[in-house]
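Read through the structure below, which is laid out as C-alpha cells, and then see the notes.
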Amino acid sequence: MSVQTASPQFSPASTKQDRYPTRLSHTPTTLWQDRQEAVVKGHHLDGPLTREQLEGFERDGFLFEPDFLEPNELEALNAELAALLARPDFLDRDFAITESGSREIRSLFAVHHLSERFDRLANDARLMGRARQIVGGDVYVHQSRINYKPGFHGKGFDWHSDFETWHAEDGMPEMHAISASIVLTDNHHFNGPLMLIPGSHKCFVHCLGETPDENHKQSLKQQEVGVPSNDALRELIERNGIQAPTGAAGGLLMFDCNTLHGSNANMSPDPRSNAFFVYNRRDNACVEPFAARQSRPSFLAHQPDEEWAPQPGQH
Ligand code: 6CS
Ligand code: FE
C-alpha cells in the first residue's frame, strides 16, 4: 500500500526530491516507511570508534560512552554553562527558549557561536571524528544547543524524530546526521534523562498535520506538529522497548538523526543539563524546507562555513 504524499494544496517548497513525505494532510495507510540510507557509512574511515561500537550504533541507533570528558574539562564547561545562563542580555533573544509559563531558560541554541569554549568542544576531533565515522564523510555543525532542564521546573520533550523536523522545516535532504549529547550534570532516573527507542532509526514515521508558520516558536517549548502517532510508537516500543542511558556527568550519548527519543519532566531538585551538537554530512546541507512554507531562523539550522551573528533585539 503506497504512502500518501503531501497534499497537493500544500506542496513543499523544496525542488529536491522528497524522500520522506511528512506533515501530511490525511492519515497515511502505513505507520512508517523504511529508512532509505544506510546508518553507518564510514566503516572504511579511521576514527575513535571501534568496529563493535559502530555495530552497536547501526543496530540501536545510539551509543553511550561514559567518562568521555576529563574532570577538568567538565568543570570548565559547567562554569561556562552557568555564565551563559546568567547572561541577562540573552533572556529575550530568539536563540534562548524559556520554559512555557516561566522565564527559566529551557534551551540555549547556537552555543558554538556564543561561547569560545563550546565552539572548541563542537570542533573537537574526538566528536568530529566519531561523527565522520558514522555518517561517512566530513561534517559541519547543523545545530548546537544546551538543554538545561532545571530542577522541579524542567519540562519534558514528547517522542519525536529530530530528522522529521530538520527535513520538514530546515530542508535536510537525507539521513546523514547525528546528535552528540554531552552529559554536563549527572543524568539519573528522576531528573528526566533522554529516552530512546532502539531500532526506531530505521523507520521514518510520517507525521500528520501541516506545519504552521513560525512553528518553532511553539515546537521548541512543546512539540505538537511532526510527532509520531501513538500507533507507530506502540508498535515500535513493543518491538524494541525503551532505553534511558543514565550516568555521571561527562558521558557522551550519540544518537542518529532519526532515532525516536523524548524525555520526562525533571521531578528532582537536580538539573539535567546536556550540551548537544548536531553533525550533518557536508554533502547533505539543508536546502528549502520539504514541508514548510519558510525556512527556520539560522540559530536552529546552520549552513556549512557560515558567518553567524545573533539577530539584534528581541525575537
Ligand atoms: O526542532 C529542533 O531542531 C529541536 N527540537 C527537538 C525537540 N529536538 C531536536 C532539536 O533541538
Ligand atoms: Fe530532539
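This chain uses plain numbering: 1 for the first residue, then up along the sequence. Both counts, for ligands and for their atoms, begin at 1 and track the order of listing. Bear in mind that the values here come from a model prediction, so they are computed numbers and not experimental data.
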Atom pairs, nitrogen or oxygen, ligand 1 to protein, under 3.5 angstrom:
from: ligand 1; atom 1: 1 (O); to: Arg296; atom 2: NH1; distance (Å): 3.0
from: ligand 1; atom 1: 1 (O); to: Arg296; atom 2: NH2; distance (Å): 3.4
from: ligand 1; atom 1: 3 (O); to: Gln143; atom 2: NE2; distance (Å): 3.0
from: ligand 1; atom 1: 3 (O); to: Trp166; atom 2: NE1; distance (Å): 2.9
from: ligand 1; atom 1: 3 (O); to: Arg296; atom 2: NH2; distance (Å): 2.8
from: ligand 1; atom 1: 8 (N); to: His160; atom 2: NE2; distance (Å): 3.2
from: ligand 1; atom 1: 8 (N); to: Asp162; atom 2: OD1; distance (Å): 3.0
from: ligand 1; atom 1: 11 (O); to: Gln143; atom 2: OE1; distance (Å): 2.8
from: ligand 1; atom 1: 11 (O); to: Arg145; atom 2: NE; distance (Å): 3.0
from: ligand 1; atom 1: 11 (O); to: Arg145; atom 2: NH1; distance (Å): 3.3

Any donor-acceptor N or O pair under 3.5 Å, side chains His160, Asp162: yes
Within the 6.0 Å centroid threshold, strictly below: Trp166 and His142: yes
Name of whichever N/O/S atom of Asp162 is nearest to the Fe ion (ligand 2): OD1
hydrophobic_cluster_shared for Phe299 and Phe276, side chain cutoff 4.5 Å: no
Side chains of His176 and Lys41 in contact at under 4.5 Å (non-hydrogen atoms): yes
Single-linkage hydrophobic cluster, 4.5 Å side-chain cutoff, Leu121 and Ile134 together: yes
Check: Asn264 and Met267 side chains under 4.5 Å, non-hydrogen atoms: no
Flag side-chain contact, heavy atom, 4.5 Å: Asn147 against Arg106: no
His261 NE2 and His160 NE2 subtending at the Fe ion (ligand 2) (10° steps): 80°
